[in-house]
Each structure stands twice: as C-alpha cells, then as structure tokens.
Chemist: 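Right, I'll just put the structure down here and ask away after.
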Amino acid sequence: MRYFIVCFALLFSSVSLADDDHRFIQVTGNGSISALPDYLQLNLSIEATASDLKAAKKRVDSAMKKLLKTTKSLNIAEKDIDAAHISNHPQYEWRNNNREYRGEQVNRNVTITLRDKEAYAELSHQLLNISAVRIHGSQLKFNDRQALQNQAFANAVEAARKKAAIMAKASDNTLGEVLSIQEQGAHSPQPVYAMARMEKMSMDAEPAPMLIQKQTIEASVVIRYELK
C-alpha cells in the first residue's frame with residue numbers, strides 16, 4: 001500500500017510564561033494519509049406490501065432468494081451477508097375520518113460485505129433489477145483503519161514539531177522537551193453513493209463503472225514545547 005502524506009500546521013501562540021515558569025511555544029499540527037479502501041459494505045432493504053402478512057412475506061422471501069442467487073454468482077460468501085433483521089408494519093389509510101386497514105408491509109434489512117471491489121458495479125446492477133430491493137448506499141472500509149489513523153497522527157506530530165522548530169529558530173530560541181500534547185480529533189470521510197445514480201445505472205444495458213478513489217484519514221494535535 002502506498003501512502004501519500006499531506007501535513008499542515010496552524011500556529012497559535014507565541015513565547016510566554018507557563019504556570020511552572022517554563023517559556024513555551026504552542027503549535028497545532030495537521031496530518032493525513034491516503035489509501036485505497038480494502039472493501040465496502042452495501043446497505044439495502046427488501047420491502048413488499050400486500051393485502052395480508054403471508055403474501056407480503058412471500059414476496060420478500062422470493063426477492064431474498066434472488067439476492068442470494070446473485071451474490072453466489074459473484075462468489076460472495078454467505079458469511080459476508082447479514083440479513084437477520086426482518087419486521088412487519090400494518091398499513092392503514094384514512095377515509096372519511098376513519099382509519100382502515102389496507103394490508104401489511106414486510107421489511108428485511110441486508111448488509112453485504114464486498115471484498116472484491118471490482119464486482120461493485122455488477123452487484124448493484126443485478127440487485128436493482130430485483131423489484132423489491134432498495135439500495136440505501138455503501139461505505140468504504142479498511143482492514144486496519146487504526147493503523148492508518150495512527151500514521152495520520154504521527155504525521156500531525158511531525159508537522160507540529162517542524163513548525164515549532166522554525167518558530168523557535170526565528171525567535172533565537174531552541175526547542176526543549178514537550179510540555180503537553182493533545183489530540184484534536186480525526187476525520188475519515190466515507191462517501192455514500194446516492195440512490196439516483198444507482199437507479200440510472202440499473203436502466204442501462206451494461207452497468208456503469210463505480211469509480212472508487214483513495215480515501216483520506218486526517219488527524220490534528222496541539223503540542224506545547226519548552227523554549228530554551
């Protein structure tokens with residue numbers, strides 16, 4: 001995996017006296033790292049409404065079987081399919097100020113973990129041709145996100161140190177030990193593909209490519225250095 005590092009630093013304080021009589025300089029360092037995601041999760045639901053619960057459930061079961069046939073054709077393991085949650089909701093309609101029972105809606109939530117990202121377009125294309133399936137979006141994931149997060153923080157610390165050294169030298173001082181260091185938070189955007197784009201794709205003769213780009217994880221720290 002190849003990393004691309006972008007580091008920034010926004011400098012806050014100038015030299016002053018701390019409570020323990022240390023002269024100090026305080027800086028903020030921002031770091032980031034970019035990498036291609038290892039896999040993605042596709043979130044969808046199977047929904048059907050009918051005049052009675054049995055009929056609605058039958059439609060959902062039929063769609064679920066088609067979904068499993070599709071995932072099997074793309075070599076997606078059953079352990080990567082979570083479809084344990086199913087629910088039903090009675091449907092009512094107001095007429096002449098009276099609530100009338102109209103039938104039942106059955107919903108089954110499904111999460112598919114897709115290890116082969118190249119199969120994303122074909123999977124979405126086939127799923128959207130199953131009438132009861134509704135795709136809600138996808139999330140890009142890393143096998144070891146914490147390792148990437150740690151590297152982003154390390155980059156932030158290094159960015160802070162370099163800027164602090166520049167400021168110290170410019171003011172005829174030398175950096176001493178670290179007096180304090182504080183994590184400012186982290187950010188890892190997770191793009192979600194919109195339904196409108198997927199619906200358009202399903203009408204085409206061939207699935208449109210789903211272009212997956214490198215994702216950036218960012219971190220920020222505030223460090224206070226002693227000045228000598």
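In this chain, numbering begins with 1 at the start of the sequence shown. Scope of the values below: all heavy atoms of this structure, side chains included, with no hydrogens, waters or symmetry mates. All values reported here derive from a predicted model rather than from experimental measurement.
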Chemist: Rounded to the nearest 0.5 Å, how far does OG of Ser138 lie from CG of Leu123?
Modeler: 10.5 Å
Chemist: Atom CZ in Arg115, atom CG in Leu74: separation rounded to 0.5 Å?
Modeler: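 So the gap between those two atoms works out to 15.0 Å.
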Chemist: Do side-chain atoms of Asn109 reach the backbone of Ser45 as a donor and acceptor pair under 3.5 angstrom?
Modeler: no
Chemist: Is the shortest distance from a Lys or Arg side-chain nitrogen in Arg95 or Glu93 to a carboxylate oxygen in the other one below 4.0 Å?
Modeler: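 Yes, Arg95 and Glu93 are salt-bridged.
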Chemist: Give the intermediate values and the outcome of side chain to side chain donor-acceptor pair (under 3.5 Å) for residues Thr216 and Ser34.
Modeler: CA-CA 4 Å; Thr216 301; Ser34 296; 2.9 Å; yes
Chemist: Where do Asn107 and Ile86 land on the side chain to side chain contact (heavy atoms under 4.5 Å, CB included) test, with the steps shown first?
Modeler: CA-CA 6 Å; Asn107 298 274; Ile86 188 169; over 6 Å; no
Chemist: Is any side-chain heavy atom of Tyr225 closer than 4.5 Å to one of Leu179?
Modeler: no
Chemist: For the side chain of Gln215 and the backbone of Gln213, is there at least one donor-acceptor N/O pair under 3.5 Å apart?
Modeler: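 Judged by distance alone, yes, a pair lies under 3.5 Å.
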Chemist: So how far is it from Leu128 CG to Arg134 CZ, rounded to the nearest 0.5 Å?
Modeler: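 Nearest 0.5 Å value for the CG-CZ distance: 9.0 Å.
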Chemist: Determine yes or no for a side-chain-to-main-chain donor-acceptor pair under 3.5 angstrom, with Asp82 supplying the side chain and Thr111 the backbone.
Modeler: no
Chemist: Mind checking the CD1-NZ spacing from Ile76 to Lys79? Nearest 0.5 Å is all I need.
Modeler: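 The distance works out to 11.5 Å.
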Chemist: Would you indicate whether the side-chain heavy atoms of Ile25 and Leu175 approach each other to under 4.5 Å?
Modeler: yes
Chemist: Considering all heavy atoms of both residues, which atom of Tyr120 and which atom of Ile212 are nearest to each other, and what is their separation?
Modeler: CD2-CD1, 4.1 Å
Chemist: Can you give the donor-acceptor pairs under 3.5 Å from side chains of residues 58-69 to other protein atoms, not counting sequence neighbours?
Modeler:
from, atom 1, to, atom 2, distance (Å)
Arg59, NH1, Thr49, O, 2.8
Asp61, OD1, Lys57, NZ, 3.0
Asp61, OD2, Lys57, NZ, 2.7

Chemist: Does any N or O in the side chain of Arg108 come within less than 3.5 Å of the main-chain N or O of Ala83, such that one atom is a donor and the other an acceptor?
Modeler: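 The answer is yes, because a donor-acceptor pair under 3.5 Å joins these two groups.
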Chemist: Does Ser73 reach the side chain of Gln126, with side-chain heavy atoms less than 4.5 Å apart?
Modeler: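 A side-chain contact exists here, since the closest heavy-atom pair is under 4.5 Å.
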Chemist: How far apart are the closest heavy atoms of Ala159 and Gly29, and which atoms are they?
Modeler: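 Looks like CB-CA, 4.5 Å.
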Chemist: Between Lys141 and Gln41, is there a side-chain heavy-atom distance shorter than 4.5 Å?
Modeler: yes
Chemist: Leu127 vs Ile135, test: side chain to side chain contact (heavy atoms under 4.5 Å, CB included). Steps then yes/no.
Modeler: CA-CA 8 Å; Leu127 291 178; Ile135 296 179; 4.3 Å; yes
Chemist: Suppose we screen for side-chain contact (heavy atoms from CB on, under 4.5 Å). Which residues come up paired with Ala152, at least two apart in sequence or across chains?
Modeler: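 Once residues adjacent in sequence are excluded, the partners of Ala152 under the side-chain contact (heavy atoms from CB on, under 4.5 Å) criterion are Ile33, Gln149, Ile217, Ala219.
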Chemist: So Ile112 and Leu44, do their side chains get closer than 4.5 Å, heavy atoms only?
Modeler: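 The answer is yes, as the side chains (C-beta and beyond) meet within the 4.5 Å cut-off.
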Chemist: Does the pair Asn129 and His125 meet the rule for a side chain to side chain contact (heavy atoms under 4.5 Å, CB included), with working shown?
Modeler: CA-CA 7 Å; Asn129 285 307; His125 180 75; 3.9 Å; yes
Chemist: Could you check whether Tyr39 and Thr113, counting side-chain N and O atoms only, form a donor-acceptor pair closer than 3.5 Å?
Modeler: no
Chemist: Does the pair Gln139 and Asn43 meet the rule for a side chain to side chain contact (heavy atoms under 4.5 Å, CB included), with working shown?
Modeler: CA-CA 8 Å; Gln139 292 182 312; Asn43 303 308; 4.2 Å; yes
Chemist: If we ignore angles and hydrogens, is there a donor and acceptor under 3.5 Å between the side chains of Asn30 and Ser220?
Modeler: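 Yes, Ser220 and Asn30 have a side-chain donor paired with an acceptor closer than 3.5 Å.
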Chemist: Between CD of Gln184 and CD1 of Ile223, what distance do you get to the nearest 0.5 Å?
Modeler: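 Answer rounded to 0.5 Å: 10.5 Å.
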Chemist: Is the shortest side-chain heavy-atom distance between Asn173 and Arg23 below 4.5 Å?
Modeler: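 In contact.
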Chemist: Could you tell me whether a side-chain N or O of Asp80 sits under 3.5 Å from a main-chain N or O of Glu78, the two making a donor and an acceptor?
Modeler: no
Chemist: Can you give the donor-acceptor pairs under 3.5 Å from side chains of residues 96-103 to other protein atoms, not counting sequence neighbours?
Modeler:
from, atom 1, to, atom 2, distance (Å)
Asn98, ND2, Asn96, O, 3.4
Tyr101, OH, Gly103, O, 3.3
Tyr101, OH, Glu104, OE2, 2.9

Chemist: Kindly work out whether a path of hydrophobic side-chain contacts (I/L/V/M/F/W/Y, heavy atoms less than 4.5 Å apart) joins Phe24 to Ile166.
Modeler: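 No; tracing contacts between hydrophobic side chains, which count when under 4.5 Å, never links both residues.
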Chemist: I need the Thr174 OG1 to Glu226 CD distance, nearest 0.5 Å.
Modeler: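 Result: 10.5 Å between the selected atoms.
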Chemist: Between Ser124 (side chain) and Ala121 (backbone), is there a donor-acceptor pair under 3.5 Å?
Modeler: no
